[in-house]
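Have a look at the structure below before the remarks.
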Amino acid sequence: MEGDDEGTFVVATGYDATYANGDVGDDPRLPPTPRLGKAAVGGGGDLMDVEAYAALYTGRTKVARLLFIGEWCGNEGVQLEAFRLAHDEIKKGEDSHLYREVMTKIGDRLGPRYAFDQVWADAVDRRAEVRKEKLENELNIYKTNLIKESIRMGFNDLADFFYAHGQLGDAFKNYVRTRDYCTTSKHIIHMCLNVILVSIELSQFMHVSNYVSKAEQTPEQLDPVTHSKLRCAAGLAHLETKKYKLAARKFLETGHELGNNYTDVIAPQDVAIYGGLCALASFDRTELKNKVIDNINFRNFLELVPEVRELINDFYASRYASCLEYLENLKPNLLLDIHLHDHVETLYTEIRHKAIIQYTIPFISVDLHTMAGAFKTNVAGLEKELEALITDNQIQARIDSHNKILYARHADQRNATFQRVLQTGVEFERDVRAMLLKESKAPRRRSPSHIHAKGQRKTWDHDPTVAEAAAICHRTSVWAVQRRLPWAAHVKLGARSRESQQGQRLVERERERAEVNINESYESAPSPRRCSLPALTPWWNRGGP
Amino acid sequence: MESVEAVVAHIQGLSGSQEEVAHLHSLLKQSEDALRSQAARLGAFLHQLDPSVHSLGYLFLLEAYSSDPVCREQDGDFLLSILEFINSCSAEQIRLAPEKFISVCKSFKDKVMQLQVPIQGIVPLRTAIRKLQASSEQLTTLHSDYLLLCLLAKCYKAGLSILDDDIFEVDQPRDLFLYCYYGGMVNIGLKRYRKAWECLHNVITAPMATLNAIAVEAYKKYILVSIILNGQVPSFPKYTSSTAQRNLKSHTQPYIDLANCYATGTFSELEGCIQTNLEKFQADSNLGLVKQVLSSLYKGNIQRLTQTYLTLSLQDIANAAQLKTPREAEMHVLQMIQDGEIFATINQKDGMVSFHEDPEQYKTCGMIEHIDSSIQRLMALSKKLGSLDEHMSCDPAYLTRIGKERPRFDFDEFDSVPHKFL
């Protein structure tokens with residue numbers, strides 16, 4: 001890892017190294033010692049500065065993220081550090097419930113300064129009781145007075161109160177209730193942002209995408225900050241539903257105006273990481289170049305996390321070893337991210353597969369030893385990965401396991417076409433035969449002698465093959481038009497290779513051959529068949545689908 | 001009440017022209033009961049008639065005679081006389097009373113089976129089928145009996161001769177079920193799994209109002225054959241009757257389990273599943289097929305390797321296909337090469353197998369002929385389908401039914417050419 005050589009302390013995340021407690025002198029290669037103020041995560045000098053990380057966020061998400069780190073890091077020092085920070089943050093707020101929860105997790109591990117503060121908790125509870133009553137009374141007065149704006153404010157205050165006290169369900173309900181009293185689009189956007197905020201914390205991402213689209217539908221022009229906030233929220237929603245490509249697009253569209261305006265949900269660094277990883281996993285090369293690397297707007301975000309920028313550039317420049325190394329270094333920290341945690345593995349496999357596929361594309365043959373070196377793995381492991389990708393039809397190649405060479409396999413379009421045509425013919429024949437066999441009762445069931453056999457008649461009458469046969473007849477008519485299998489062949493061929501010039505030529509050649517065939521075989525029968533040939537100009541020659 | 005002598009006299013007198021035979025037919029129908037009541041005496045009268053000339057009368061007498069269990073038991077010549085009749089009777093005359101002819105043939109089949117010489121019944125029954133059918137497209141009740149005899153005698157090739165006919169006319173649904181079921185079994189016996197699959201597929205997708213035992217048995221075999229053929233069981237096509245879709249699976253649970261185990265691809269699990277359900281498979285006498293399912297797992301695994309590798313050591317093949325030793329792997333690969341399932345060469349010196357591409361280049365005369373013949377066949381089929389469609393769209397019963405469901409004539413619906421064939 002690069003950072004080690006320079007003795008730098010915080011490398012992995014790139015959440016700029018704020019050495020809050022001035023421990024810079026520590027040698028990271030020493031086994032991490034659990035202490036307050038600074039803590040280490042993972043092994044081998046891979047460190048995470050919890051405090052610097054926490055400083056990026058405000059509000060409840062800070063607590064939530066800290067608790068998440070505490071739960072998943074598996075290192076007591078970091079855990080206590082996270083809980084301590086969470087404790088400090090909660091004390092600033094009014095959520096006594098969350099306070100109790102954290103205190104049971106801390107126990108007495110943090111010494112007397114962090115013992116359970118019963119007085120504070122009771123005081124908060126009492127104040128909350130009083131305030132809730134007051135707000136509800138006020139709301140009732142507003143309701144009787146029927147002033148829309150006041151009612152909206154009343155609901156909003158109540159919801160804010162619930163949110164501060166951690167009753168997210170109630171907060172959500174009250175925020176949604178303000179909707180009926182919104183008079184301007186500003187109000188609507190305000191309402192939507194509030195709902196989105198609560199929903200993200202509740203992990204109700206359906207609501208998030210719903211309210212994002214509601215906010216975007218407001219007639220007024222959104223200011224850039226709100227616009228960026230909505231993009232982030234939508235991105236998160238897509239990320240959670242595993243639609244990585246859409247998520248990447250949303251994050252990439254986020255404007256740099258976001259700055260530190262949305263830290264109660266997401267930090268700008270996160271935008272870079274989420275967006276970068278999703279883009280790597282789901283975009284192809286051109287898209288990566290156009291939308292990520294050449295995207296001036298997104299570059300601002302990437303500057304915040306140089307590792308992600310570097311790894312994207314490495315990926316694009318095919319320096320896979322260094323790219324994968326960056327990814328590996330990032331991994332322990334990403335696993336501690338509240339939103340990314342569930343998706344790290346999937347995204348990483350996707351990225352790795354993409355890298356392997358990209359590596360093999362330009363070559364006719366690849367030496368597995370060299371390739372394994374490029375991917376920092378051994379030959380056997382690489383062989384397994386390649387095998388999986390080939391079976392998945394993501395790489396068109398075959399492995400020479402004896403000489404450890406991967407050979408590209410260029411599918412013979414002509415043979416493949418013949419195979420497919422024959423296959424289609426066989427299937428068609430089978431279907432039609434089965435259908436005719438079943439339909440064979442059709443004329444009989446309506447003959448008078450069978451009418452009285454009621455049970456039987458019912459059976460055949462409900463025969464759905466009637467409809468199916470009608471559908472097949474259309475197919476047949478298409479076949480009748482094409483009439484000759486070679487025709488069907490290049491129609492299919494065209495569909496497959498309409499983008500490649502080579503395919504086009506192949507189609508032309510094949511068609512000429514077919515034409516000759518047809519003319520020869522129908523020489524004796526001067527039929528309308530030949531006349532109908534010009535009409536058979538395939539659609540791709542008529543100018544696009 | 002006419003005496004048998006009078007009937008015989010009628011038969012002898014009225015077996016000339018077509019009108020005479022028709023008249024005779026009505027006379028015989030009237031005296032059917034009389035014949036039956038004196039069945040025991042009829043044996044002697046049969047000798048007075050010539051089966052090739054007096055086919056219709058002979059048929060009536062024979063039918064009445066064979067319906068009496070006592071004389072069937074006693075008369076050793078019974079089989080011979082039926083045999084002679086089937087071989088020499090006139091097709092035109094017997095088609096006037098097909099149900100009588102079928103009944104005679106059935107008692108012949110029963111007799112043959114009772115004597116445990118099914119092989120003796122094969123040729124006569126085939127003659128009988130050919131005489132009874134008006135065209136080769138017609139399915140008669142005798143088809144299934146014939147196939148049954150073929151199965152019992154293990155003369156599967158003989159069964160093919162009628163299985164290769166295209167059947168488009170069916171009288172009784174039961175005939176169709178049995179014909180397809182036995183047909184599937186004959187094809188399984190010949191290891192023509194694709195054909196067998198088609199036959200069994202026809203059974204389970206045939207319209208049925210209530211579930212029947214034939215369909216259940218066919219579905220069991222269908223599952224096994226599907227696995228051997230494709231490695232998976234396809235779901236029911238949408239034209240399958242809802243009865244079959246709802247009930248078949250619940251009657252064939254061990255087989256469904258087997259298919260699920262197969263899908264996991266692990267050998268030990270599949271073997272365990274077979275062991276637990278061994279008795280059921282044995283009771284259904286499907287154990288042989290089940291064993292073939294097991295070996296097809298190896299084949300599937302090896303086949304998959306050919307897509308991924310150019311060369312692979314026998315040891316690696318053994319590992320990938322979950323075989324125990326490289327030697328065993330070699331035998332499997334060899335067998336598959338022999339059967340034309342894969343294209344490969346084995347280098348015994350260093351234990352490597354090189355896989356090749358399909359050498360078929362679609363350039364040979366044979367291939368072109370093959371393609372041409374399938375085109376011709378498809379065209380014929382299309383024509384048939386077209387005429388059927390035309391016939392159906394003119395059918396008043398169909399139109400009234402459709403009319404009820406779809407009151408307006410909607411042009412758009414006739415525009416949808418399925419894209420599959422575009």
Side-chain angles (χ1 to χ4, degrees), chain A residues 386-387 390-391 398-403 405 407 412 414-415 418 421-422 424-426 428-430 432-444 446 455-456 458-480 483-485 488 491 495 521, chain B residues 137 139 166-171 173 176 180 198 201-202 205-209 238-239 241 304 307-313 316 350 352 354-355 357-358 360-362 367 370-372 374-375 377-379 381-382 384-386 388-389 391-392 395-398 401 414 416-418 420-422:
Chain A
L386 284 171
E387 190 191 322
I390 295 171
T391 319
R398 280 168 39 159
I399 305 168
D400 183 346
S401 169
H402 185 53
N403 302 316
I405 293 175
Y407 287 103
D412 187 335
R414 186 173 173 276
N415 281 2
F418 268 106
V421 167
L422 284 175
T424 313
V426 168
F428 178 76
E429 187 178 353
R430 193 187 63 209
V432 174
R433 260 181 219 289
M435 209 127 3
L436 285 174
L437 183 61
K438 265 170 282 173
E439 275 314 290
S440 57
K441 291 129 209 158
R444 279 164 197 279
R446 290 183 205 101
Q456 188 189 347
K458 195 167 169 255
T459 322
W460 304 133
D461 265 357
H462 280 112
D463 188 353
T465 44
V466 176
E468 184 78 2
I472 280 284
C473 269
H474 283 294
R475 281 186 215 170
T476 327
S477 60
V478 176
W479 272 79
R483 208 166 283 110
R484 300 288 293 179
L485 267 173
V491 172
S521 44
Chain B
E137 295 179 353
L139 183 73
D166 294 326
I167 297 295
F168 297 121
E169 285 174 46
V170 183
D171 281 326
L176 177 70
C180 291
E198 282 168 28
H201 184 83
N202 284 341
T205 55
M208 55 180 115
K238 65 174 187 289
Y239 49 82
S241 68
R304 220 167 308 131
Q307 298 302 311
T308 351
Y309 287 99
L310 270 177
T311 61
L312 195 63
S313 70
D316 286 341
D350 40 14
M352 293 302 277
S354 349
F355 298 116
E357 296 270 348
D358 188 349
E360 177 62 64
Q361 288 295 312
Y362 301 97
M367 183 44 81
H370 171 66
I371 293 177
D372 198 59
S374 22
I375 294 171
R377 237 182 12 250
L378 287 179
M379 281 165 68
L381 267 181
S382 304
K384 195 155 212 138
L385 196 58
L388 187 72
D389 185 50
H391 182 261
M392 199 185 291
D395 193 310
Y398 173 71
R401 218 186 131 72
F414 291 86
S416 58
V417 178
K420 191 178 164 193
F421 287 95
L422 268 182

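Only heavy atoms go into these numbers, but all of them, side chains included; no hydrogens, no water, no symmetry mates. Below, chains carry the letters A, B, ... as their sequence lines are ordered, and counting in each starts from 1.
Between chain A and the residues Lys384(B), Glu357(B), Glu360(B), Arg304(B), the most heavy-atom pairs under 4.5 angstrom are made by Glu357(B).
Separating the CZ atom in Phe418(A) from the CD atom in Gln361(B) is a distance of 10.5 Å, to the nearest 0.5 Å. Taking CG from Leu422(A) and NE2 from His370(B), the interatomic distance works out to 5.0 Å, rounded to the nearest 0.5 Å. In this structure, CZ in Arg433(A) is found 8.5 Å from CD in Glu198(B), a value given to the nearest 0.5 Å.
With contacts defined as side-chain heavy-atom distances shorter than 4.5 Å, the pair Gln307(B)/Thr391(A) does not qualify. Counting only heavy atoms from C-beta outward, the side chains of Thr311(B) and Asn403(A) never approach each other to under 4.5 Å. In this structure, Leu381(B) and Leu436(A) have side chains that are in contact, with non-hydrogen atoms separated by less than 4.5 Å.
Formation of a donor-acceptor pair under 3.5 Å by the Thr308(B) side chain with backbone atoms of Arg398(A) is not found in this model.
Scored by the ring-ring contact (aromatic ring centres under 6.0 Å, His included) test, His402(A) finds no partners at all (sequence neighbours excluded). Residues satisfying the ring-ring contact (aromatic ring centres under 6.0 Å, His included) test with Phe355(B), not counting sequence neighbours, are none.
Looking at every heavy atom in both residues, Tyr309(B) comes nearest to Glu387(A) through OH-OE1, 2.8 Å.
In summary, of the residues considered (Leu385(B), Leu388(B), Leu378(B)), a side chain to side chain contact (heavy atoms under 4.5 Å, CB included) with Val432(A) occurs for Leu385(B) alone.
For a residue to count as touching a neighbouring chain, one of its non-hydrogen atoms must lie under 4.5 Å from one of that chain's; by this rule His201(B) does not touch chain A.
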